[in-house]
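Since the structure comes first, as structure tokens, the remarks are kept for the end.
Values below: all heavy atoms of this structure, side chains included; hydrogens, waters and symmetry mates excluded.
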Amino acid sequence: MSTGDWVLREMLFELRNNRLAVALIPQRDPDNSGACVRVSISHNCCWYQQLCADFESARKRQYRKFKTKVKRREIMRILCRLIENKPCQSMYADWIVEYSAAAKERVEMHQVQQTFEFLEA
């Protein structure tokens with residue numbers, strides 16, 4: 001088990017429990033009766049949004065749907081392999097490892113800062 005294993009576990013938990021969901025609500029414009037507008041009611045976790053943005057697809061689309069090569073199931077598999085310290089050759093693995101290391105460092109820095117604030121009080 002690596003020292004940053006808890007960060008990878010947290011990322012897996014966030015990915016499993018946060019998913020983009022939209023709802024259709026009636027449009028307020030009286031000229032367009034019966035029309036609906038899509039409204040997001042939940043979002044993907046921030047790190048997953050960033051991963052998708054960093055690995056954009058070159059595929060052309062006629063509409064504005066987000067273009068990404070990233071697949072949620074594959075990212076979950078990568079996270080599980082990294083947590084189990086198994087080799088992972090995916091193009092996303094390096095990004096995930098770098099992100100988790102940076103997240104671990106931010107948390108540790110925050111803990112040190114809180115300790116200093118406590119000692120100064």
Can you see which heavy atom on [X] is nearest to which on [Y], and at what distance?
| X | Y | result |
| --- | --- | --- |
| Ile41 | Ala23 | CG2-CB, 4.0 Å |
| Ile78 | Ser90 | CD1-OG, 3.1 Å |
| Trp6 | Lys104 | CZ2-CG, 3.9 Å |
| Cys45 | Asn18 | N-CB, 3.9 Å |

How long is the gap from [atom1] on [X] to [atom2] on [Y], to the nearest 0.5 Å?
| X | Y | atom1 | atom2 | result |
| --- | --- | --- | --- | --- |
| Ser100 | Glu105 | OG | CD | 11.5 Å |
| Met76 | Arg73 | CE | CZ | 8.0 Å |
| Leu12 | Cys80 | CG | SG | 5.0 Å |

**Asked** What pairs with Ala103 under side chain to side chain contact (heavy atoms under 4.5 Å, CB included), at least two apart in sequence or on another chain?
**Response**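 Counting only residues at least two positions away or on another chain, Ala103 forms a side chain to side chain contact (heavy atoms under 4.5 Å, CB included) with Val7, Tyr99, Arg106.
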**Prompt:** Quick one: side chain to side chain contact (heavy atoms under 4.5 Å, CB included) partners of Arg77, sequence neighbours excluded?
**Reply:**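 With sequence neighbours excluded, Arg77 shows a side chain to side chain contact (heavy atoms under 4.5 Å, CB included) to Glu74, Arg81, given in chain and number order.
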**Message:** Run Tyr92 and Lys69 through side chain to side chain contact (heavy atoms under 4.5 Å, CB included) and show every step you take.
**Reply:** CA-CA 10 Å; Tyr92 309 119; Lys69 295 187 278 186; 3.6 Å; yes
Does [X] reach the main-chain N or O of [Y] with its side chain, forming a donor-acceptor pair under 3.5 Å?
| X | Y | value |
| --- | --- | --- |
| Gln49 | Asn44 | yes |
| Tyr48 | Arg72 | yes |
| Arg19 | Ser42 | no |

**Prompt:** Residues two or more places apart in sequence or in another chain: which of them pass side chain to side chain donor-acceptor pair (under 3.5 Å) with Glu84?
**Reply:**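 If we apply the side chain to side chain donor-acceptor pair (under 3.5 Å) test to Glu84, skipping adjacent residues, the hits are Lys86.
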**Item:** Co-membership, hydrophobic cluster, residues Leu15 and Phe13, 4.5 Å side-chain
**Value:**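 Different clusters: Leu15 never reaches Phe13 through Ile, Leu, Val, Met, Phe, Trp or Tyr contacts under 4.5 Å.
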**Prompt:** Going only through I, L, V, M, F, W and Y residues with side-chain contacts under 4.5 Å, is there a path from Val107 to Leu79?
**Reply:**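 Yes, because Val107 and Leu79 connect within a single hydrophobic cluster, where side-chain heavy atoms sit under 4.5 Å apart.
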**Message:** In the structure I gave you, are the side-chain heavy atoms of Trp47 and Ile75 within less than 4.5 Å of one another anywhere?
**Reply:**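 The answer is yes, as the side chains (C-beta and beyond) meet within the 4.5 Å cut-off.
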**Asked** If you draw a 6.0 Å radius around CZ in Phe55, do more than 12 non-hydrogen atoms from other residues or ligands fall strictly inside?
**Response**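 Counting other residues, nucleotides and ligands, CZ of Phe55 exceeds 12 neighbours.
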**Neighbour count >12 (heavy atoms, 6.0 Å) for atom CD, Gln50** =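 For Gln50, atom CD is crowded (more than 12 foreign heavy atoms under 6.0 Å).
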